[in-house]
Amino acid sequence: MKKYDPKTIEPNWQQTWADTKLYAAVTGDTAREKYYMLTEFPYPSGAGLHAGHTREYTLGDVIARHKRMQGFNVLYPMGYDAFGLPTENFAIKHKIRPQDATSQNVEVFRQQFDSLGLSFDWDREVNTTHPDYYRWTQWLFLKFHAAGLAYQAEMPINWCPKEKTGLSNEEVVDGKHERCGTPVEKKLIKQWMLKITAYADRLIEGLKTVDYPSRIADQQVNWIGRSEGAEIDFLVGESGVAPKDSLKFTPELTKLVLDGSKTNTVRLEPKNLQVGDIASLITRLSPTDTQVFAQAKVTKIETMPLGQIPLDLDGHEPFASTDEQLAAYRGYYGDTVGFDTEFTIYYFDSVQPTVTVYTTRPDTLAGATFLVLAPEHAAVAQITTPDQRSQVEAYVKKAQGESEIDRQNTDRTKTGVFTGAYSANPITGAKVPVWIADYVLASYGTGAIMAVPAHDERDFAFAKAFKLDIQQVVSGDDLPAVATGKLINSGQFDGLEGAEAKRAIVKYLEDKGSAKTAVKYKLRDWIFSRQHYWGEPIPIVHCEHCGAVPVPEDQLPITLPDVEHYEPTETGESPLAAITDWVNTACPKCDKPAKRETDTMPNWAGSSWYYLRYMDAHNDQAFASPEALKYWGEVDLYLGGMEHTTLHLLYSRFWHQFFYDQGLVPTPEPYAARRGQGIVLAADGRKMSKSIGNVVNPTDIIASYGADTLRLYILFMAPYDETTPWSEERLAGASRFVWRVWALAQELIEAHAFTRAMKPGPGDAFETEVDRATHKAIKKVHDELGGMRFNTAVSALMEYVNFLSDAKTKARLLEPASAALAWRALNTLVQLLAPITPHMSEELWHQLGYPGSVHVAGWPEYDPELIKDDVVVIVVQVNGKVRANLAMTPDATQSELAEAAKADPNVAKYLQDGQLLKTIVVPRKLVNFVVK
RNA sequence: GCGGAUGUGGUGGAAUGGUAUACACGCUAGUUUUAGGAACUAGUGCCGAAAGGCGUGGAGGUUCGAGUCCUCUCAUCCGCACCA
């Protein structure tokens with residue numbers, strides 16, 4: 001008997017498959033239907049593949065192989081998402097180039113992929129760090145820039161004051177730098193942003209057209225966090241002020257704003273503003289805007305070509321009623337970098353400061369008994385009274401060091417400080433104090449809320465803690481009552497309810513010019529800058545005269561300079577800023593000396609579009625040809641980690657939707673279906689972790705058991721999307737099964753002189769039984785694989801092998817008369833196992849005498865007639881308790897079933913004592929008698 | 001905290017509203033001169049001598065019938081925007 005030797009057969013077949021390019025996908029093959037199976041490409045860390053990767057790629061491989069055997073033209077590609085911090089840190093620490101660290105790691109990954117027997121099409125391999133690839137990442141960024149969706153803003157980064165370095169969130173632990181323990185500060189840095197918020201609604205809508213599990217779709221919807229409500233203006237002063245008619249934006253003022261003289265007045269929204277927002281704010285001018293003004297000194301005005309006016313933050317055209325204004329406006333916007341960032345804000349004395357709050361419950365307005373501002377709110381300094389100033393300033397400083405997650409924790413004791421200022425409730429006229437508190441976030445809504453303690457749990461807790469008024473305005477029971485009912489204590493609005501109440505109150509305020517309906521999202525724009533070396537350079541040149549100028553497409557890629565040192569700078573700038581040879585360049589527009597943008601892109605950039613590059617991986621004229629994009633279309637199935645649901649998956653959909661709008665891709669969504677695989681825990685039930693030392697290395701497993709065993713175990717251990725612990729013992733069980741299949745196959749092969757033209761047998765009861773089991777196995781395995789129920793697919797194969805291995809069955813299968821029957825069974829078994837244990841199946845296939853590969857040999861089909869059972873077991877219940885089993889023919893009628901059930905002695909025993917009320921008969925299943 | 005999910009034997013898990021625990025691991029007993037991380041046979045939810053009863057985190061509900069549907073609740077896991 002031939003010994004099962006995975007160490008020999010696995011590498012042999014891997015080599016043959018590679019040599020023959022067995023798994024190459026053919027773009028434009030119309031004879032076969034295409035199937036695009038995508039798994040997330042890995043970050044090639046130094047540690048090599050981990051158990052999670054192994055699970056993900058094995059799952060994808062089984063699907064790809066199953067589809068390929070069914071005759072699909074399968075694209076199952078792989079690549080590397082290799083930019084990022086770990087490699088950069090590793091390279092700095094070991095004084096090597098990150099390029100070299102990456103290629104070493106990639107080599108290890110490649111070997112491990114091959115050793116798992118994964119059927120990737122290696123002709124399409126991509127690597128996000130190769131200039132041939134990131135050339136197109138840069139090109140796509142320029143599309144965003146040209147469309148006005150890439151803009152610059154002052155955004156905070158985590159800053160370690162001791163090491164003078166920017167930190168990722170991951171490096172901040174409990175508000176401290178994890179390496180040196182220094183409390184982390186926020187530092188404002190001008191960064192590139194992508195306006196993903198412009199696609200918020202599309203990202204929600206698009207989910208209706210794709211097949212994502214609800215846990216993924218729901219999480220995306222909640223992450224985007226769309227809410228409809230109202231922005232309401234509150235006038236604020238020391239003693240409280242009654243609402244009054246809003247100031248109109250006078251023509252004189254408009255002119256002043258759009259005048260290009262050295263001192264310009266611009267209107268600021270009363271929310272937390274950053275200096276970089278000025279340019280955007282100018283776009284929001286409109287004649288109905290009111291009330292709070294600020295002044296900015298503008299030192300330079302640059303112009304910008306026609307047709308490049310971006311939409312404002314709300315996606316509207318900027319206000320401009322005359323050509324003159326439009327021209328002036330262009331000057332402002334084009335000067336996003338030309339603004340003197342040293343500007344001061346002051347409020348006109350004649351105007352009462354206004355705080356705009358955002359609320360989803362305008363119906364509860366009468367119950368607003370105080371206002372709460374985020375500590376970072378721009379109006380705080382302005383409204384705080386002298387006697388409260390020191391307290392307020394201390395609180396603002398304290399809040400700076402807190403994480404948003406902590407601040408949103410409603411279990412936490414509420415903290416806050418009174419500013420000394422008051423406003424007035426627009427309905428009741430009651431005096432309402434203005435507080436600041438960290439539970440209000442500057443980054444959401446307007447950074448200020450009207451607190452309605454009677455109908456909001458957080459406001460309720462705050463009011464209790466600081467003994468503030470609580471005024472119920474919606475009828476209901478225990479406060480805080482969050483549900484909607486009829487309004488009370490709301491003056492003219494009493495008796496209104498729900499949406500009607502909301503509309504009426506917003507309308508009332510709207511007419512007075514102090515409110516408007518508003519849609520807000522929790523989703524924030526994407527900070528697209530990283531102050532690191534190991535990323536795609538952002539293809540922009542900053543010119544004193546022309547501003548931020550995109551690098552012309554024919555000059556791409558802007559490659560990373562190949563240098564010795566790229567440690568982070570002490571200024572928080574990218575390390576690239578210190579490489580003067582690289583930074584200094586000529587302006588593409590005016591050819592005068594200029595400087596390159598030194599920020600690089602986040603890791604998410606390259607991974608946002610890589611699935612498109614696989615379609616046409618070597619194209620040097622385009623990121624992919626229109627033909628390839630059209631042929632491969634949507635990814636049919638995208639498998640990846642649940643942890644990518646709200647970041648990578650959302651970013652990637654955003655890019656794709658934008659590309660669709662630009663006419664760059666033919667489909668509105670990138671992924672027709674998405675599934676998330678579960679996490680593989682260590683055997684101890686904890687997460688695998690190098691520091692705990694409970695990590696499973698796939699290479700070790702392959703060395704001792706072979707890849708086929710590992711693959712089978714991974715599929716069998718749990719449903720693919722469940723988190724489940726690793727078990728060496730169950731892996732050994734999987735190994736036993738593989739060995740048993742091999743041994744059974746060898747016995748059958750040795751017993752029979754198999755030829756491919758085997759004559760059918762006599763067709764007796766035994767043959768029927770075996771064939772029925774075979775065809776049931778085909779149906780079951782096919783259905784389970786198609787439904788991604790891999791664990792039960794393996795169970796079905798085990799049951800089938802158990803059936804064939806049963807002593808009596810096996811003995812008869814070994815008889816010479818059963819040669820054809822054994823041939824049929826073994827052929828089928830090898831084919832059904834092929835997606836799961838590709839090496840062993842291929843080896844057995846060749847032992848059966850086939851010259852070609854089992855992996856392109858077709859998928860067996862079952863005969864629906866053959867799998868019909870002669871007898872079905874009917875369960876008989878009395879009052880829902882099982883009292884008997886009956887063997888009946890499948891086509892027995894309801895009355896036949898009921899009669900047969902009544903005739904059963906054990907059932908009769910239970911029926912005789914009571915009155916038969918009801919008989920339920922489910923054909924082919926059960927009979928239930930209800931007895932009193 | 002917010003958002004998402006998951007709770008079934010000693011363990012991983014199976015079960016179109018219809019016999020709860022398939023398949024596998026582990027364990028127990030036995031067989032085999034069995035080098036092995038073997039192979040084979042029988043058994044293995046709990047209570048009970050049996051008849052029978054009880055059992056899917058907990059409490060209710062719908063139904064002839066609930067692991068499955070509904071309400072509440074408890075526990076655990078994942079994500080939270082500069083990790084990828």
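Just so you know, these numbers use all the heavy atoms, side chains as well, and skip hydrogens, waters and symmetry mates. By convention in this document, chain letters (A, B, ...) are assigned in the order of the sequence lines, proteins followed by strands, and residues within each chain are numbered from 1.
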- [ ] May I ask you to say what A:T645 touches in the nucleic acid, namely base, sugar-phosphate or nothing, with a heavy-atom cut-off under 4.0 Å?
- [x] nothing
Open item on the list: Suppose we screen for side-chain contact (heavy atoms from CB on, under 4.5 Å). Which residues come up paired with A:A745, at least two apart in sequence or across chains?
Closed with: A:L826, A:L844
Task: For A:K522, all residues meeting side-chain contact (heavy atoms from CB on, under 4.5 Å), sequence neighbours excluded - done: A:Y444
- [ ] Check each residue of residues 875-884 of chain A for a non-hydrogen atom within less than 4.0 Å of any atom in RNA chain B, then write out the ones that pass by number, or none.
- [x] A:V875, A:Q877, A:K881, A:V882, A:R883
Task: Runs of at least three Watson-Crick or G-U pairs with RNA chain B, cut-off 3.5 Å - done: B:1-7 with B:74-80, B:10-12 with B:23-25, B:26-31 with B:39-44, B:45-47 with B:52-54, B:57-61 with B:69-73
Open item on the list: So if I define the base as every atom that isn't primed, P, OP1 or OP2, how would nucleotides 71-84 of chain B read as a B/S/- string at a heavy-atom cutoff under 4.0 Å?
Closed with: -------SSBBBBB
Let me check something: any side-chain donor-acceptor pairs from residues 781-788 of chain A under 3.5 Å, sequence neighbours excluded? List them with distances.
unit_1	atom_1	unit_2	atom_2	d
A:H782	ND1	A:H66	NE2	3.1
A:H782	ND1	A:W859	NE1	2.9
A:D783	OD2	A:K779	NZ	2.8
A:E784	OE1	A:R789	NE	3.1
A:E784	OE1	A:R789	NH2	3.0
A:E784	OE2	A:R789	NE	3.4
A:E784	OE2	A:T792	OG1	2.5

Open item on the list: Once side chain to side chain donor-acceptor pair (under 3.5 Å) is applied, do any residues pair with A:T39, and if so which ones, sequence neighbours excluded?
Closed with: none
Distances under 3.5 Å only, N/O to N/O: pair up the protein atoms with those of nucleotides 26-28 of chain B.
unit_1	atom_1	unit_2	atom_2	d
B:rG26	OP2	A:R736	NH2	3.2

TODO: Answer syn or anti for B:rG9, where the cut-off is 90° from 0 on the glycosidic torsion.
DONE: syn
- [ ] Take atom P in B:rU11 and the same atom in B:rA22, then report the distance between them in whole Å.
- [x] 15 Å
- [ ] Identify, residue by residue, the members of residues 780-794 of chain A with a heavy atom below 4.0 Å from RNA chain B, and return them in order of residue number, or none.
- [x] A:N791, A:T792
TODO: Please list all pairs passing the side chain to side chain donor-acceptor pair (under 3.5 Å) test where one or both residues lie in residues 917-928 of chain A, with sequence neighbours left out.
DONE: none
TODO: Check salt bridge (Lys or Arg N to Asp or Glu O under 4.0 Å) between A:D708 and all other residues, then give those that pass, not counting sequence neighbours.
DONE: none
- [ ] For each nucleotide in nucleotides 6-11 of chain B, reading 5' to 3', give B when a protein heavy atom comes within less than 4.0 Å of its base, S when such contact involves only the sugar-phosphate, and - otherwise.
- [x] -----B
